[in-house]
2 protein chains.
Amino acid sequence: MFSQAEENYLKAIYHLESVSKGGINTNAIAKSLATKASSVSDMIKKLSDKEVVLYKKYKGVTLTELGKKTAANIVRKHRLWEVFLVKKLNFSWDEVHDVAEQLEHIKSKKLINQLDALLGFPTHDPHGDPIPDKDGCINAIDKCLLATLKETETGVCVGVNDSSSEFLQFLDKKGITLGKKIEVLEKEDFDDSLSILIDNKKMSISNKIANNLYIRKS
Amino acid sequence: MFSQAEENYLKAIYHLESVSKGGINTNAIAKSLATKASSVSDMIKKLSDKEVVLYKKYKGVTLTELGKKTAANIVRKHRLWEVFLVKKLNFSWDEVHDVAEQLEHIKSKKLINQLDALLGFPTHDPHGDPIPDKDGCINAIDKCLLATLKETETGVCVGVNDSSSEFLQFLDKKGITLGKKIEVLEKEDFDDSLSILIDNKKMSISNKIANNLYIRKS
DNA sequence: AATAAAGTTTAGACTTGTCTAAAAAATTAT
DNA sequence: ATAATTTTTTAGACAAGTCTAAACTTTATT
């Protein structure tokens, strides 16, 4: 059994491993958990004793198979709760994160499996992130950042890189939601902004936005 | 904001006040939380500083208005989650308690209000206990223990005094569920057992059972 | 009313998780 | 290759919440 603090560390390491393969260093974990490197050092020793991470002093840390499975299960719970909040409780996609951070620590296998069934076994959360199955496997879809599309290419919005409520509300305001079809009309060399077509409307998108929106090319 | 530990103490005091009016003593709290009197003493000082309880050394403790409201809100959350588990996730009434103990500490007003709406604003939990409203008011129904009924009196099962899964499973086995009509046929002076009629079936009920089942007389 | 018993509080210790400050190791720059 | 810088770890402290053991109040008994 893991404490909430331990679960948060596992989740952080899991997310860091998914973007930067190779041992995860102390500072990166500290930054992602808004804590201090010394606290990370302490906690990593505990996680190492519990055999969920491999750790060699000064050499960073990696999840063991048990660690990966444990972390994936927390992510699974987080994302299922997010779906629940949006689908059943009328939360908007920019409101779910903080509540799901709490709900992900609830311990009950039956609860999460029944929740999964109630929601119709969803495969992705409201931000387009895949939901790990009971064994921790994730079914990644082929996506790329909007910024990488070339002129005339088209695709469908399938996810976001930044889940902050500021960004999500911005997308709402622009009418950009998951499932919408986008065509790149023009790329501006000057500031890397894009001119896109969405809902038959032409709009201009900054590079920052294009670098935080995932597209499945079509 | 209150910690989980603080919330558990408030809830315990709230429940104790509802049965034994007057200042609640340290040992009673310790017993109900399966902790030691010294821990209770420490915590009560903190709760007193936070102005949710009135406390005079050696004189027991009472909830302030703020304390009552806070505690009622936790009970509200607990009972709404129990309804959710039974109605939406197919839990049985003997499985919900431990999970609801965890869920009751989730902090989100929107979550609990939307949950209330999803469930159709239920007034009672799966054990027949009333659900406090947003202001902490509870709508108590007129109920009495089965053991207090006289011969030939009839009533409807509306609640249980003991929510342990052992007792609830026993009731399931006997076919006694909330809403069922019961008629007292005979009371045995020897062991205070009852002969009752339920679903047109005659059965014998021990005094222990009769003292843990609530009836609304009809 | 004095004493015994029961209940309550305090003192000091322990665990978890955090922090700051300082020491040690690794990396980068010259 | 040595010095400077960055990163990581350790040492020591703190807060929350708990415990045991001892001291102190209150209540019950005689």
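Every chain is numbered from 1, with letters handed out A, B, ... down the list of sequences. What you are looking at is a predicted structure, and each value in this text was computed from that prediction instead of being measured.
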Any [X] side-chain N or O less than 4.0 Å from OP1/OP2 of [N]:
| X | N | answer |
| --- | --- | --- |
| A:Lys46 | C:dG17 | yes |
| B:Tyr55 | C:dT8 | no |
| B:Lys45 | C:dT10 | yes |
| B:Tyr58 | C:dT10 | no |
| A:Asn27 | D:dT8 | yes |

Could you pull out every donor-acceptor pair under 3.5 Å between side chains of residues 41-62 of chain A and any protein atom, sequence neighbours left out?
residue : atom : partner : partner atom : Å
A:Lys50 : NZ   : A:Met1  : O            : 3.2
A:Lys50 : NZ   : A:Glu6  : OE1          : 3.1
A:Lys50 : NZ   : A:Glu6  : OE2          : 3.2

Euclidean distance, A:Gln169 CD relative to A:Lys173 NZ, rounded to 0.5 Å: 9.0 Å
Touch class at under 4.0 angstrom, heavy-atom based, for A:Asn25 against every strand present: sugar-phosphate
Between [X] and [Y], does any side-chain donor sit less than 3.5 Å from a side-chain acceptor?
| X | Y | result |
| --- | --- | --- |
| B:Asn139 | B:His124 | no |
| A:Glu82 | A:His127 | yes |
| A:Asp125 | A:Trp93 | no |

Residue among A:Lys134, A:Lys77, A:Arg76 satisfying side chain to side chain donor-acceptor pair (under 3.5 Å) with A:Asp116: A:Arg76
Nucleic acid contacts of residues 33-41 of chain A, taken as heavy-atom distances under 4.0 Å to DNA chain C: A:Thr35, A:Lys36, A:Ser38, A:Ser39
